[in-house]
Structure formats: C-alpha cells, structure tokens
Amino acid sequence: MAGEKKIVFHIDVNSAYLSWEAVDQLQHGASLDIRTIPAVVGGNPEKRHGIVLAKSIPAKKYQIKTGETLYAARLKCPGLAIFPPRYDLYIRCSEAMLALLREYSPSLQRYSIDEVFLDYTNMEDHFGDPLKAAHQIKDRIHRELGFTVNIGVSNNKLLAKMASDFAKPDQVHTLFPAEVPEKLWPLPVEDLFMVGRATAPKLHRLGIYTIGDLARADPALLKKRLKSHGILIWNYANGKEDSPVGDFPGIKSVGNSSTIAFDVEDRKTAHMFLLSLTEMVAMRLRNAGYLARLVAVSLKSKEFFSYSHQRKLYSATDSTNQIYGTAVSIFDEMWKGEPLRAIGVRAGDLVENSRQQLSLFDPGNLLKQQAIDAAVDKIRNKYGSNMIMRAVFLHSGIKPLTGGVWEEDYPMMSNIL
DNA sequence: TCTGGGGTCCTAGGACCC
DNA sequence: TCTGGGGTCCTAGGACCC
C-alpha cells in the first residue's frame with residue numbers, strides 16, 4: 001500500500017484518576033463534582049506513598065504537579081481535597097472506554113490505563129470522516145461514561161499523541177504533517193514525547209529551546225551528543241514516526257517493588273519482603289505463561305540511593321522458590337547493611353512456557369516445584385490469596401503477597417498491560 | 001518536608017572466545 | 001617479548017514513558 005495514509009487517533013482521558021473518582025462519587029449520590037474544585041488523587045503519606053497521582057484543573061491553577069509530594073501540594077493550596085487511589089475502579093472505567101472504542105476499529109493499542117491508540121484507516125465508510133468520528137467518540141464517552149477525553153488525530157501515533165496534549169479538556173485536535181510547523185514547532189522542546197528532564201538541559205546547552213529548533217538542528221550533532229536518542233527525538237520533532245497501531249512485541253519482564261512504611265534494617269525482614277514480592281512476580285509470570293532466565297533485585301536506601309543487581313539463571317523458571325532463592329542470594333551479596341526504604345524483584349529475559357527446556361540436571365525437582373506452585377495458584381485464584389500463605393508470614397505484620405490484585409493500595413494495576 | 005510503581009530501551013565496560 | 005581486532009554475553013546504571 002505505498003503512499004496510503006494511515007489515520008491514527010490518540011484517545012487520552014483528562015485527569016484520568018481524578019475524573020474517574022469524580023464520576024464514581026456522582027454516581028453514588030454526591031452533589032459536588034471534585035473536578036470543579038482543587039482536588040488530587042494521592043497515596044498515603046503515613047505509608048510513605050504520599051505523592052500526587054492526578055490533579056483537577058483547578059488544582060493545576062495552584063501549580064500543583066503530578067509526582068510532587070502531598071505535603072508540597074498542600075502548601076500551595078491549603079484547602080486541597082485529597083482522595084486515595086482506587087485502581088479497581090480505574091480498571092473498570094478503562095475497560096468500559098475500550099469496549100466503546102472497539103466499535104470504531106478492530107485495531108486498537110492500549111498504551112496505558114488511560115491512553116489508547118486507534119487506527120481509523122479505511123473506516124471512513126462506516127463512521128464518516130476522521131474529525132466527525134473523533135467528535136462522535138469523544139461525545140459518546142462523555143455522555144455514556146461520564147468522563148471527558150482529548151482526541152488527537154493525525155497520520156501517525158507520535159503526532160496523534162502530541163495533538164491530544166493540546167488544550168484540554170474535552171477536545172479534538174488535529175496535527176497532520178502539514179500543520180507541524182504551525183502547531184508543533186513553537187512549543188517548548190520539553191513538551192516533545194521522549195524529551196525528559198535529563199535530555200532537555202542538554203538540548204538547551206545546544207541552543208535548542210523549541211521543538212522547531214530541534215527539528216532544524218543538525219542530526220549529526222545530535223547523534224554525537226545524545227547517541228541514538230538524538231536521532232529519535234530529531235525524527236519526532238519533524239513528525240516522523242511510523243510504528244503500527246497495536247502489534248506489541250509481548251512482555252519482556254515482570255516486576256514488583258514496594259516502598260515500605262518503615263526502614264528495613266535486618267536481613268530477616270528484608271528476606272520476608274523479597275518473598276512477598278516474589279510470590280506476586282512468580283504468580284504473574286505463571287499466569288502470563290512465561291519462564292524467566294534472569295532475576296533482578298533493586299534496593300532504595302533511606303537516603304534515596306538506588307541500585308540494582310541481576311543474575312542470569314542456568315535454566316528458565318517460573319518457580320516461586322527458585323526465583324526467591326536467587327533473589328535472596330543476590331540481595332545478600334549486594335546489600336551493604338544500610339536502612340532500606342524500598343525493595344524490588346524483577347524477572348526478565350522471558351521465554352514462553354511452551355518452549356521450556358528442562359534442566360538436564362534436575363528435571364524431577366522442577367516438575368515438583370511446578371506442581372506445588374500450580375496448586376497454590378489454584379487455591380488463591382478460587383478462594384483468595386489469604387487462604388494460603390507461607391508460615392514465615394504468620395504474625396509478622398508483613399503481607400504474604402505484595403502488589404497486584406491483592407494489595408488494596410494498588411489492586412491489579414500491574415496486571416492489565 | 002517528603003519524595004510510587006510498572007515498564008522498555010540504551011550505553012558502557014569487562015570477560016571470554018576465536 | 002610484544003603485538004591485534006571482532007563478536008557475544010553479562011552486568012550496572014541511567015533515561016524515558018504512563
């Protein structure tokens with residue numbers, strides 16, 4: 001199909017977590033719409049999770065930013081309303097939106113819980129020209145689901161995504177290649193996708209302040225200073241991007257990490273958290289049908305110094321015990337004894353379970369481990385995670401599984417992508 | 001004063017082999 | 001005694017996204 005132009009929509013929920021909280025409150029009889037007052041969704045500071053996850057537009061007027069501490073946010077706006085996150089609600093809202101979008105195209109890509117790419121190419125016969133369809137989608141989401149979205153329309157994913165970030169809320173914007181000089185180039189370079197807080201100052205030192213400056217910069221110079229990332233963002237600044245909608249390559253790793261309400265200062269407690277985290281990692285690995293050939297442990301000290309170590313395995317595994325044993329061994333080698341604020345476990349270098357190679361040395365033990373894990377998974381899936389736990393957690397005050405569906409703070413967040 | 005969690009990709013250096 | 005380059009694998013750390 002040489003020369004054929006794709007049509008891509010990027011649908012982005014406005015202030016997603018906060019909007020979804022507002023809609024749920026209204027549906028349960030609330031008279032106040034928290035989207036109309038300074039309000040945020042944020043974690044619990046007593047558990048050391050106290051950051052802003054989403055903010056209302058009135059909260060934004062107080063310069064409150066996503067990711068900053070609730071403490072700082074309250075200093076800026078003393079009357080700020082704060083709501084805890086409810087990931088189960090967000091999943092339901094996200095699913096409802098996805099179901100509606102599926103009516104408009106078979107080709108969707110869920111980029112995150114609140115962002116979807118939709119390939120509208122060849123759909124004009126069904127729903128009219130792209131702008132008409134985008135408005136219809138936006139209005140239906142508002143009317144039928146109660147929250148608003150921005151929709152960006154263009155010929156590729158990058159431009160559609162940049163377009164959905166224009167004026168908010170509840171708007172459709174186009175950013176076709178011909179509009180790039182007028183609509184994209186005047187923006188500050190840090191507004192460009194993939195230009196973050198490390199890249200922006202490097203570009204500033206080269207005299208590049210707008211996306212237009214970047215588009216006109218010498219790619220050879222960018223490559224020299226920023227390596228392959230320089231070429232990537234130069235292409236983006238020129239509106240060049242050509243990845244297909246959907247078509248994910250599959251998952252590459254499964255991880256679970258947690259900031260702990262207190263500092264961990266002894267090995268035994270650290271090991272319990274490693275086990276708690278590993279239980280969830282391994283179960284998700286098994287549910288997804290993968291085996292891991294790499295285990296990584298990451299630590300964050302009380303002083304916010306982060307470091308990680310990883311180790312290749314001799315054979316791929318999805319066994320809780322095997323991953324846990326490796327994690328403990330890595331931890332004991334790397335931990336310098338300082339108080340720990342956060343601990344993480346990640347399983348990587350994945351292979352599909354069906355292509356598994358049994359270790360030549362101990363196939364019997366592997367099969368036994370798999371039988372145990374499968375039995376535990378079955379009980380947890382059927383009766384709930386608390387029906388079965390390892391004895392070390394009894395009376396420990398530490399949850400037998402951390403993260404995922406069973407953590408009331410972040411249920412299912414990690415399971416959906 | 002307080003600072004989350006889930007990911008992916010890239011780079012650089014060292015080990016090891018031919 | 002003194003002299004290579006590739007190529008691959010592994011590890012640690014950093015940058016970016018939502």
Legend entry - Within 45° cone of A:W185 ring axis and under 6.0 Å: A:R216 NZ or CZ: yes
Legend entry - Rounded interatomic separation in angstrom, taking CD from A:E241 and P from C:dC17: 15 Å
Inset, instruction - Verify the contact: side-chain N or O of A:H49 to OP1 or OP2 of B:dG5, cut-off strictly under 4.0 Å; return yes or no. - result: yes
Inset, instruction - Would you indicate, yes or no, if B:dG5 has its OP1 or OP2 atom less than 4.0 angstrom from a side-chain nitrogen or oxygen of A:S258? - result: yes
Inset, instruction - Ignoring backbone atoms, establish whether A:S228 has a side-chain N or O less than 4.0 Å from OP1 or OP2 of B:dT11. - result: yes
Inset, instruction - Indicate the ring-plane relationship of A:Y90 and A:Y17, choosing parallel, tilted or perpendicular according to the 30° and 60° boundaries. - result: parallel
Inset, instruction - Using whole Å, report how far NZ of A:K302 lies from C1' of B:dT1. - result: 15 Å
Legend entry - Phosphate OP1/OP2 of B:dG4: any A:K47 side-chain N/O under 4.0 Å: no
Inset, instruction - Just jot down the side chain to side chain donor-acceptor pair (under 3.5 Å) partners of A:E103, sequence neighbours excluded, or say none. - result: A:R140
Inset, instruction - Identify whether any heavy atom of A:F193 sits under 4.0 Å from a base atom; if not, whether one sits that close to sugar-phosphate; answer base, sugar-phosphate or nothing. - result: sugar-phosphate
Inset, instruction - Scan every strand shown for a Watson-Crick or G-U wobble partner of C:dG14, both distances under 3.5 Å, and answer none if you come up empty. - result: B:dC9
Legend entry - Whole angstrom value for the distance that separates C1' of C:dA15 from CG of A:L226: 11 Å
Inset, instruction - Answer yes or no: does a side-chain N or O of A:K227 lie under 4.0 Å from OP1 or OP2 of B:dC9? - result: no
Legend entry - Candidate nucleotides C:dT11, B:dG6, B:dT3, ranked by approach to the side chain of A:R48 - the nearest: B:dT3
Legend entry - Nucleotide nearest A:L53 (side chain, heavy atoms from C-beta), chosen from C:dC17, B:dG6, B:dG4: B:dG4
Legend entry - Shortest side-chain distance from A:S253, nucleotide among C:dT11, C:dC16, B:dT8: B:dT8
Inset, instruction - For A:Y90 and C:dC18, give me the distance from atom OH to atom C1', rounded to whole Å. - result: 14 Å
Inset, instruction - With a 4.0 Å heavy-atom cut-off, tell me which residues in residues 146-157 of chain A come close to DNA chain B, sorted by residue number. - result: none
Inset, instruction - Please tell me which of the listed nucleotides, C:dC16, C:dC18, B:dT8, lies nearest to the side chain of A:H229? - result: C:dC16
Inset, instruction - For B:dG6, take OP1 and OP2 only and decide whether either is under 4.0 Å from a side-chain N or O of A:N256. - result: yes
Inset, instruction - Classify the nucleic acid contact of A:K300 as base, sugar-phosphate or nothing, counting any heavy atom under 4.0 Å across all strands shown. - result: sugar-phosphate
Inset, instruction - Go through C:dC16, C:dC18, B:dT3 for me and flag the one nearest to the A:I51 side chain. - result: B:dT3
Legend entry - Value in whole Å for how far the P atom of B:dT8 lies from CG of A:D349: 12 Å
Inset, instruction - Give the nucleotide from the list B:dT3, C:dC18, B:dA12 with an atom nearest to the side chain of A:T69. - result: B:dT3
Legend entry - Distance below 4.0 Å between A:S308 side-chain N/O and C:dT11 OP1 or OP2: no
Legend entry - Quiz item: cation-pi between A:K300 and A:Y307, 6.0 Å / 45°: no
Inset, instruction - Please determine if A:K157 forms a cation-pi arrangement with A:F117, meaning its NZ or CZ atom is less than 6.0 Å from the six-membered ring centre and no more than 45° off the ring axis. - result: yes
Legend entry - Of residues 198-223 of chain A, the positions that come close to DNA chain C - non-hydrogen atoms, cut-off under 4.0 Å: A:A198, A:T199
Inset, instruction - Round to the nearest Å and state the distance from A:L80 atom CG to B:dT1 atom C1'. - result: 16 Å
Legend entry - Among B:dC2, B:dG4, C:dG13, the nucleotide that comes nearest once only the side chain of A:Y307 is considered: C:dG13
Legend entry - Non-hydrogen side-chain atoms of A:H204 and A:V189 separated by less than 4.5 Å: yes
Inset, instruction - Verify the distance criterion only: is there a donor paired with an acceptor across the side chains of A:K55 and A:T66 at less than 3.5 Å? - result: yes
Legend entry - Options C:dT11, C:dC18, B:dT8, nucleotide nearest the side-chain atoms of A:Y111: C:dC18
Legend entry - Short side-chain N/O contact to B:dG4 OP1/OP2 from A:R341, under 4.0 Å: yes
Inset, instruction - Could you check which of C:dT11, B:dG4, C:dC17 has an atom nearest any side-chain atom of A:T259? - result: B:dG4
Legend entry - Pairing of A:K268 and A:D266 as salt bridge, 4.0 angstrom limit: no
Legend entry - Ion pair check, A:E115 and A:R110, cut-off under 4.0 Å: no
Inset, instruction - Taking the six-membered ring for Trp and the single ring otherwise, decide whether the centroids of A:Y104 and A:Y120 are under 6.0 Å apart. - result: no
Legend entry - Note, A:L108 side chain near A:V245 side chain (heavy atom, < 4.5 Å): no
Legend entry - Candidates B:dT8, C:dT11, C:dA12 - which lies nearest the side chain of A:H309: C:dA12
Inset, instruction - State the syn/anti category of C:dT1 according to its glycosidic angle, syn meaning within 90° of 0. - result: anti
Inset, instruction - Give a yes/no on whether any side-chain N or O of A:K312 is located under 4.0 angstrom from OP1 or OP2 of C:dC9. - result: no
Legend entry - A:R341 with A:D263: basic N within carboxylate O range, under 4.0 Å: no
Inset, instruction - Take the protein atom CD1 of A:I233 and the nucleotide atom P of C:dA15, then report the distance between them rounded to whole Å. - result: 13 Å
Inset, instruction - With DNA chain B as reference, determine whether A:V52 or A:K252 sits nearer its 5' end, using the nearest nucleotide of each. - result: A:V52
Inset, instruction - Quick one: label A:E68 by what it contacts on the DNA or RNA (base, sugar-phosphate, nothing), any heavy atom closer than 4.0 Å. - result: nothing
Legend entry - Nucleotide B:dT8, atom P - distance to CE of A:M194 in whole Å: 14 Å
